[in-house]
Amino acid sequence: MEEMVGPRLYSCCNCRNQIALHDDVISKSFQGRNGRAFLFSHATNIMVGPKEDRQLMTGLHTVADVYCCDCREVLGWKYERAYEETQKYKEGKFILEKSKIVKENW
């Protein structure tokens, strides 16, 4: 009998709190603070920190760090505003660092 498996998702590397669905990955070719990062359209079970302007590789953005709501691990950031027209697609999206999330149900 085949085992039922839920949706593929990503969880916090520290406490395994569910953070994002694999179906919400927009791109896997982003750069985080500590290496490779993924751009997601949605994230759950997170807290969003204060907004700040940050100079990133693609220009100036207003971002807010995102934390696991259970263990407070910094997982990445949320794009609140992009100042360059070509970067506007990132607004409201989430960067989650590959080193801070683990795959579940794969």
Side-chain angles (χ1 to χ4, degrees):
M1 189 154 166
E2 196 170 315
E3 189 177 325
M4 293 294 288
V5 177
R8 293 190 302 173
L9 50 88
Y10 295 92
S11 300
C12 172
C13 68
N14 195 44
C15 70
R16 298 297 174 97
N17 187 15
Q18 295 179 1
I19 302 297
L21 295 173
H22 175 70
D23 288 348
D24 290 334
V25 173
I26 295 171
S27 173
K28 293 184 177 182
S29 51
F30 274 72
Q31 187 69 29
R33 285 188 195 93
N34 304 305
R36 201 162 142 210
F38 302 161
L39 183 68
F40 286 84
S41 58
H42 300 92
T44 60
N45 298 322
I46 58 164
M47 298 180 315
V48 180
K51 297 176 187 177
E52 64 179 60
D53 284 344
R54 205 176 285 168
Q55 186 67 41
L56 302 173
M57 291 173 61
T58 55
L60 184 64
H61 296 79
T62 302
V63 298
D65 285 340
V66 295
Y67 307 83
C68 174
C69 69
D70 282 353
C71 72
R72 309 293 196 258
E73 180 80 23
V74 178
L75 302 172
W77 63 83
K78 180 179 181 183
Y79 285 104
E80 297 288 352
R81 182 175 178 201
Y83 290 90
E84 307 223 3
E85 198 60 41
T86 60
Q87 302 301 308
K88 293 281 187 191
Y89 75 96
K90 296 177 184 174
E91 292 181 344
K93 311 286 190 308
F94 299 86
I95 286 289
L96 298 177
E97 300 211 35
K98 187 178 180 203
S99 65
K100 302 288 186 157
I101 55 177
V102 293
K103 296 176 178 179
E104 303 274 358
N105 296 331
W106 289 68

Q) Is there a donor-acceptor contact under 3.5 Å from the side chain of Q87 to the main chain of G59? A) no
Q: Treating Ile, Leu, Val, Met, Phe, Trp and Tyr as nodes and any side-chain heavy-atom pair under 4.5 angstrom as an edge, say whether I26 and L56 lie in one connected cluster.
A: yes
(Q) Using the rule that Ile, Leu, Val, Met, Phe, Trp and Tyr join whenever any side-chain heavy atoms are under 4.5 Å apart, tell me whether F30 and W77 fall into a single cluster. (A) yes
Q: Return the set of residues passing side chain to side chain donor-acceptor pair (under 3.5 Å) with H22 (not counting sequence neighbours), or none when no residue passes.
A: R8, Y10
Q) Would you call E91 and K88 a salt bridge, taking side-chain N to carboxylate O under 4.0 Å as the test? A) yes
Q: Report yes if the side chains of F94 and I19 come closer than 4.5 Å at any heavy-atom pair, otherwise no.
A: no
Q. Rounded to the nearest 0.5 Å, how far apart are OG of S99 and CG of N34?
A. 5.0 Å
Q | Least distance between heavy atoms, C68 atom then M47 atom | A | O-CE, 4.2 Å
Q: Determine, stepwise, if the pair R81 / K51 fulfils side chain to side chain contact (heavy atoms under 4.5 Å, CB included).
A: CA-CA 10 Å; R81 182 175 178 201; K51 297 176 187 177; over 6 Å; no
Q. When clusters are formed by joining ILVMFWY residues with side-chain heavy atoms under 4.5 Å apart, either directly or through shared neighbours, do L21 and W106 land in the same one?
A. no
Q.
In the structure I gave you, are the side-chain heavy atoms of I46 and K78 within less than 4.5 Å of one another anywhere?
A. no
**Q.** Nearest-0.5 Å distance, CG of residue N45 to SG of residue C71
**A.** 11.0 Å
Q: Say whether, by atom type as modelled, one donor and one acceptor occur between the side chain of T62 and the main chain of E52 under 3.5 angstrom.
A: no
Q: First locate atom NE2 of H42, then atom CG of D23, and finally report the distance between them rounded to the nearest 0.5 Å.
A: 11.5 Å
**Q.** L75 side, atom CG; F40 side, atom CZ - distance, nearest 0.5 Å
**A.** 10.5 Å
Q.
Please say yes or no: joined through hydrophobic side-chain contacts below 4.5 Å, possibly via intermediate residues, are V25 and L96 part of one cluster?
A. yes
Q) Among R72, R33, K100, which residue meets the salt bridge (charged side-chain N to carboxylate O under 4.0 Å, His left out) test with D65? A) R33
Q: Would you kindly confirm whether V63 and I95 end up in one hydrophobic cluster when ILVMFWY residues are joined by side chain heavy atoms under 4.5 Å apart?
A: yes
**Q.** Distance-minimising heavy-atom pair for E97 and A37
**A.** CA-CB, 4.0 Å
(Q) Nearest 0.5 Å, please: how far is SG in C12 from CD1 in I101? (A) 10.0 Å
Q) Would you find more than 12 non-hydrogen atoms of other residues, nucleotides or ligands less than 6.0 Å from Q55 atom CD? A) yes
Q: Kindly compute the distance separating CD (E73) from SG (C13), expressed to the nearest 0.5 Å.
A: 5.0 Å
